Amino acid sequence: MRATVKDVARRAGVSPKTVSNVMNGIIPVSGATRTKVEQAILELDYVPNLSARGLRNGRSGVIALALPDLGTPYSAEIAHHIVEVAHEQGWIVQIEETGSDPQREHELMVRARSNLIDGLILNPVVLDESAVQVGVALPPVVLLGEVPQKLADRVFVDSFAAARDMTLALAQPGRRRIAVLGTTQGRGSAAAIQRTQGYEEALEILGIERDESLLIPCEKWMPQTAADALTAYLESHPLPEALFCFTDSMAIGALSVLWKRGLRIPEDIAVAGFDDIADGRYAVPSLTTVSFDKRAIASEALRLLTERMADRGHEQRVVSVDYAIVERDSSRA
């Protein structure tokens with residue numbers, strides 16, 4: 001016969017309510033208790049009846065994570081940590097790629113409102129093109145990233161301040177011609193806008209006049225597109241003293257271009273990125289970057305989401321995750 005919650009509770013020596021708390025992840029339980037319950041579930045081969053559970057508590061036990069581009073190393077690392085933290089709390093995670101398409105965001109929110117998923121962690125790119133809008137009924141949702149808004153809970157890293165501090169760090173040995181790779185022409189992503197503004201703030205602090213020729217556009221933040229953008233730039237511009245790429249993935253593309261040209265890094269040009277992905281630590285030379293705790297982002301996002309599920313009416317909550325400038329061989333004087 002199929003095992004029940006009562007069977008699991010009896011095997012683990014706890015109440016059925018405690019078993020439910022472990023599976024739902026809403027009410028914290030001790031690590032020892034969670035281990036006993038999970039062991040009992042394995043021994044009894046217990047499979048929860050999600051349909052019945054949904055009828056009782058209005059929850060499916062499933063949350064969705066929607067990122068713009070699952071092909072990037074940064075997205076892979078964020079998804080890994082969210083799935084890991086969610087699993088520890090008893091959630092199943094459905095991972096989606098939006099492609100920055102508001103229609104895909106809208107479909108996910110419809111699923112959440114229909115109780116097919118209990119909540120949504122979403123990384124929009126541009127707010128006025130997002131499905132998260134004034135007048136739209138929102139399910140429990142937490143936003144990741146730089147898009148500022150007053151509609152939903154949010155977890156972010158201060159891109160403006162981080163870009164400012166990285167630019168100041170690159171300038172410390174006396175570098176003055178610092179270029180940035182990843183700016184946009186016209187309407188851009190919130191991250192691109194804020195990182196450009198942080199860079200310009202640093203120039204003002206340093207007393208360096210803003211030079212449009214040091215802004216290198218790159219619409220898609222990928223190694224190939226960054227390599228193409230930098231190659232085209234160097235055909236008609238002198239080599240900057242430093243290059244701040246708005247992601248580590250772009251910086252890795254830039255390193256390839258510079259190496260093929262026989263340039264020494266950092267002697268001829270210093271290079272830095274943003275995100276501290278694993279690939280950057282093992283690049284040659286190792287990549288200077290803006291680092292932050294991705295597991296902390298995951299933990300805060302899950303905390304805000306579970307709190308929003310429990311109380312839809314509380315005020316918006318915004319959490320800023322700390323960052324650090326990590327200097328490695330690509331910029332070390």
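All residue numbers refer to positions in the sequence shown, counting from 1. As the structure is a prediction and not an experimental result, all values here were calculated from the model. Keep in mind that the numbers below use all heavy atoms, side chains included, and drop hydrogens, waters and symmetry copies.
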field: Pair Glu201, Gln197: side-chain N/O donor-acceptor within cut-off below 3.5 Å
entry: no
Under 3.5 Å: donor-acceptor pair, side chain of Arg175, backbone of Leu170: yes
- request: May I ask you to say whether Arg317 pairs ionically with Glu307, meaning some side-chain N is under 4.0 Å from a carboxylate O?
  value: yes
query: Are side-chain heavy atoms of Val271 and Ser331 found at a separation under 4.5 Å?
result: no
task: Give a yes-or-no answer on whether the side chains of Thr289 and Asp276 include a donor-acceptor pair shorter than 3.5 Å.
output: no
message: Please tell me whether Glu146 and Ser159 have a donor and an acceptor in their side chains that are separated by less than 3.5 angstrom.
response: yes
query: If you draw a 6.0 Å radius around CD in Glu84, do more than 12 non-hydrogen atoms from other residues or ligands fall strictly inside?
result: yes
task: Tell me, please, whether Phe274 has Arg195 positioned over its six-membered ring: NZ or CZ under 6.0 Å from the ring centre and within 45 degrees of its axis?
output: yes
message: Between Glu38 and Arg11, does any side-chain N to carboxylate O distance fall below 4.0 Å?
response: no
Thr18 side chain to Asn21 side chain, donor-acceptor N/O pair below 3.5 angstrom: no
- request: Taking the side chain as every heavy atom from C-beta outward, state whether Leu122 and Pro124 have any pair of such atoms under 4.5 Å apart.
  value: yes
statement: When every non-hydrogen atom of Met166 is compared with those of Gly273, the smallest separation belongs to CE-O, 3.8 Å
- request: Count the heavy atoms of every other residue, nucleotide or ligand shown that sit under 6.0 Å from CD of Glu267, and state whether that count exceeds 12.
  value: yes
- request: State the CD1-CG distance between Ile178 and Leu168, to the nearest 0.5 angstrom.
  value: 8.0 Å
- prompt: Taking the inter-plane angle between the rings of Tyr233 and His237 on a 0 to 90° scale, is it parallel (under 30°), tilted (30 to 60°) or perpendicular (over 60°)?
  reply: parallel
- prompt: So which heavy atom on Asp118 is nearest to which on Gly61, and how close?
  reply: OD2-N, 2.6 Å
query: Under a 4.0 Å N-O cut-off, is there an ion pair linking Glu212 with Arg210?
result: yes
message: Under 4.0 Å between a side-chain nitrogen and a carboxylate oxygen: does that hold for Glu88 and Arg295?
response: yes
message: Regarding Arg308 and Asp153, does a basic nitrogen lie under 4.0 Å from an acidic carboxylate oxygen?
response: yes
task: Ignoring hydrogens and angles, state whether a donor on the side chain of Asp165 or Tyr323 is under 3.5 Å from an acceptor on the partner side chain.
output: yes
